[in-house]
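See structure below.
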Amino acid sequence: MTLEYLQWDSEFFNRKIGRIIYNEPEEKNLKNFIKKAKSEHYQLLYVFSPENLYISESILAEFSGKLVDRKVLYFQNLMNERQEHDLDMVIEYPETEISEDLQSLAYLSGAHSRFFFR
């Protein structure tokens, strides 16, 4: 288990913020780790754990914790054998100028990005 000080987060939010990597099944160790972080004046802790290791409701309640995210990965192979061989072929963009259609497509593709600001 490790505790990492998060400099950018701490400076941005003006709070001492850290990340705990929780990778052992003994919850007592997690409790002690959180108590240690509190004694070092951490005001916010992110706790990350592998998919098969959950933090109990009792620990969350004891430290006013909250489950805010559960990462889920989905995978679908969209290529067949023929398509995989076609990846070796690179087709150069034939125009010297970028068309309005291509610019429009590029703009639309970013509309749902987490970096898109209105």
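With a 4.5 Å cut-off on side-chain heavy atoms, Met1 and Ile20 count as touching. In this structure, Tyr5 and Lys16 have side chains that are in contact, with non-hydrogen atoms separated by less than 4.5 Å. For the pair Leu45 and Leu3, the minimum side-chain heavy-atom distance is below 4.5 Å.
One finds the CG atom of Leu30 at 8.5 Å from the OG atom of Ser56 (value rounded to the nearest 0.5 Å). Considering CG of Asn32 and NZ of Lys28, their distance stands at 7.0 Å, rounded to 0.5 Å. Between atom OH of residue Tyr22 and atom CD1 of residue Ile55 there is a gap of 6.5 Å, rounded to the nearest 0.5 Å. Atom CD1 of Ile34 is separated from atom CD of Glu27 by 9.5 Å, given to the nearest 0.5 angstrom.
Within 6.0 Å of atom CD in Gln103, more than 12 heavy atoms from other residues, nucleotides or ligands are found, so the atom counts as buried in its surroundings. Within a 6.0 Å sphere centred on CG of Leu67, other residues, nucleotides and ligands contribute more than 12 heavy atoms.
Every pair tested for ring-ring contact (aromatic ring centres under 6.0 Å, His included) that includes a residue from residues 25-75 fails, sequence neighbours excluded, so the list is empty. Sorted by first and then second residue, the salt bridge (Lys or Arg N to Asp or Glu O under 4.0 Å) pairs with a member in residues 68-77 form an empty list; sequence neighbours excluded. Within the structure, salt bridge (Lys or Arg N to Asp or Glu O under 4.0 Å) contacts touching residues 48-65 (residues at least two apart or in different chains) are Lys31-Glu62.
Asn29 is linked by a side-chain hydrogen bond (donor to acceptor under 3.5 Å, both in side chains) to Glu24, counting only residues two or more places apart in sequence or in another chain. With sequence neighbours excluded, the residues satisfying salt bridge (Lys or Arg N to Asp or Glu O under 4.0 Å) with Lys36 are Glu40.
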Taking distance alone, no hydrogens or angles, what donor-acceptor pairs closer than 3.5 Å link side-chain atoms of residues 6-15 to residues at least two apart or in another chain?
{"from": "Gln7", "atom 1": "NE2", "to": "Glu11", "atom 2": "OE2", "distance (Å)": "2.9"}
{"from": "Ser10", "atom 1": "OG", "to": "Leu6", "atom 2": "O", "distance (Å)": "2.7"}
{"from": "Ser10", "atom 1": "OG", "to": "Arg15", "atom 2": "O", "distance (Å)": "3.2"}
{"from": "Ser10", "atom 1": "OG", "to": "Ile17", "atom 2": "N", "distance (Å)": "2.9"}
{"from": "Ser10", "atom 1": "OG", "to": "Ile17", "atom 2": "O", "distance (Å)": "3.4"}

